Structures are given as structure tokens and as C-alpha cells.
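I have placed the structure first, in the form of C-alpha cells, so that the comments after it can refer back to it.
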Protein chains: 2
Amino acid sequence: MAIDEVFKAMADPTRRRILRMLSKGELTAGQMALEFDISGPSMSHHFNVLKHADMIRGRRDGQQIIYSLNTTVVQDAMTLFLDVFAKDETQEAPHEDSN
Amino acid sequence: MAIDEVFKAMADPTRRRILRMLSKGELTAGQMALEFDISGPSMSHHFNVLKHADMIRGRRDGQQIIYSLNTTVVQDAMTLFLDVFAKDETQEAPHEDSN
DNA sequence: GGTATATTTAGATGATTGGCTAATTATCTT
DNA sequence: AAGATAATTAGCCAATCATCTAAATATACC
């Protein structure tokens, strides 16, 4: 899980809403798309960003793609988040290639 | 603390590094700028983004501006973060009335 | 095979972002 | 008051981003 990609993924409200929906259970791309005002391709783009951050997984079931939250994501993301505020000198820059 | 601004603020690695530095204690704009390869004005821009998200505070001391982490930010930001993965029915914008 | 449905990929576009230099503001020192 | 130092604001530009429409891919059903 790439730090920068996780934070970037979470920077968009649509993607946070997708994560929130998936935290309640699996959903198909279409089911989620129904809840948003944006086009299918735009939804697909967001799924891709989240997938690339390894925050969600998609598997095909017939014509549909079923998306689910990566089960380890909550713990891992929380760790990344805490590290930003870490007072511990030993983990100053966890392993983030800052500019 | 505006949800979207907090997440956007944290989306940039430079800003996360600033937060990490400030989590160890107050620093002046100049002290922080020394640690980065970017120009002063660019640093100032990042301070501004963090200030607008109410994550840091700046006070003048003579010629310098001393920045510090908003002391409530860790708790609040963590709540926002957890809410993204909340399994309960509440939607975005739970609001920060707790403490 | 042919058509409908679900979703993604490709390519374009306007908005936002993060960086820069130059100019400005604020403060300190002499 | 003039000059030095610290930081910000103003204005510009290239890269990234979120969105769209059109086209492509994958699967299901007749």
C-alpha cells in the first residue's frame, strides 16, 4: 500500500463515499453508480484510483464487477494516518519518498 | 474543521511532513523551510492550506511566524478518518461537536 | 450469431494544484 | 530613516485531476 496513493485516494469526497458504502458490504459497480450523479466512466475512474491504492478489490461475477473493501485497509490506513502525527523520533519519515 | 479541507491538506507529502515536524513541537516558518527543497513562497502556500484546514496555527514573534499543530487536530482528524470506514448508517459530515 | 447489459478504456476539456520569481508587508537594528 | 531579515501575497505556468462522450470489451440471453 503506497502511502501517497492512499492519501490521494482519500482526498476526494466521492471516493470516501465509495469506501463508506463498501464498508457496509460488497456492492457492484452499477449499484454504487446509482447513488451518484456522475457518469459510469467517472465512477470507473474512482474505482481505479481506489484499486491502485489497494484499498478496494474487484472481482467479476457474470456481467458485473463486485467491489469490496480490502480487509486490511482500515488498520493499515490508520497506521499511515497516525504516523503523520507521530511524536516518536524514530519514525520521522516512515518510508515515504517525499519530494 | 472542514472535512474536505483536512483530507485535501493531508494529500500532499510536503504538508504531511510539515505536520510531522510540528507534532514534535513548535517551529518557525524559516526553520521548517530549511528542511525542504522548495522556495519560501511555496512553503508559505502549504502553511496556508494547513491553516485553512485549521490543522496548524501561526503566531508572530518579532520577525518570525511560529507555527504549531492545532492541539485538537489529531483527535478530530482521526474521527474523520474512522468515519470513512464507519459501518453505521451516518453519511459524510458527522460534525465535530464531541470532546 | 446478434443484441442487450455492465463496465472499462480512450481521448478531450476545464478546474485545481504546486511550483516558481518578483513585489510587498512587517519587524528589527543601526 | 535606511537597510537587513522573515515571511507573505500576487501573478504566472506546467502538471495533475475529475469529469464528460464515444468506443471497446466482456458476458448473458435468445
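Computed from a predicted model, the values in this text were never measured in an experiment.
Rounded to whole Å, the distance from CE on Met43(B) to C1' on dC20(C) is 15 Å. For His52(B) and dT8(D), the NE2 to P distance is 13 Å, given to the nearest whole Å. The separation between Ile66(A) atom CD1 and dA26(D) atom P is 18 Å, rounded to whole Å. At whole-Å resolution of the value, CZ in Phe7(B) and C1' in dA18(D) are 18 Å apart. Atom NE2 in His45(B) sits about 18 Å away from atom P in dA14(D), given to the nearest Å. As a whole-Å value, the separation of Lys51(B) NZ from dA7(D) C1' is 10 Å. In this structure, Asp12(A) places its CG atom 13 Å from P of dT16(C), rounding to the nearest Å. Rounded to an integer number of Å, the gap from CD1 of Ile65(A) to C1' of dT5(C) is 13 Å.
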Show your reasoning for whether side-chain contact (heavy atoms from CB on, under 4.5 Å) applies to Lys51(A) and Tyr67(A).
-> CA-CA 9 Å; Lys51(A) 244 187 338 197; Tyr67(A) 283 105; 3.8 Å; yes

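With dT9(D), dT7(C), dC20(C) as the candidates, the nucleotide lying closest to the side chain of Asn48(B) is dT9(D). Closest to the side chain of Arg15(A), out of dA7(D), dA18(D), dG18(C), is dA18(D). With dG19(C), dA18(D), dT7(C) as the choices, the nucleotide that has an atom nearest any side-chain atom of His46(A) turns out to be dA18(D).
Put simply, the side chain of Asn70(A) never gets that close to the backbone of Ile56(A): no donor and acceptor are under 3.5 Å apart. The backbone N or O of His46(B) sits nowhere less than 3.5 Å from a side-chain atom of Arg15(B) that would complete a donor-acceptor pair.
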Nucleotides 21-30 of chain C: protein proximity per nucleotide (B base, S sugar-phosphate only, - neither; heavy atom, under 4.0 Å) = BB---SBS--

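Of the charged side-chain nitrogens involved, none lies within less than 4.0 Å of a carboxylate oxygen, so that Glu26(B) and Arg57(B) do not count as a salt-bridged pair. Using a 4.0 Å cut-off between charged nitrogen and carboxylate oxygen, Asp4(A) and Lys8(A) count as a salt-bridge pair.
Across all strands shown, Lys8(A) has heavy atoms under 4.0 Å from sugar-phosphate atoms exclusively, and none from any base. Backbone-only engagement by Tyr67(A) is indicated by non-hydrogen atom pairs under 4.0 Å involving sugar-phosphate atoms exclusively.
The phosphate of dT7(C) has OP1 or OP2 within less than 4.0 Å of a side-chain N or O from Thr28(A).
Considering only residues two or more places apart in sequence or on other chains, Glu5(A) meets the salt bridge (Lys or Arg N to Asp or Glu O under 4.0 Å) condition with none of them.
Annotation: of the two residues near DNA chain C, Ala11(B) and Gln64(A), the 5′-most nearest-nucleotide partner is Gln64(A).
Rounded to the nearest 0.5 angstrom, Asp12(A) CG and Leu19(A) CG are separated by 10.0 Å.
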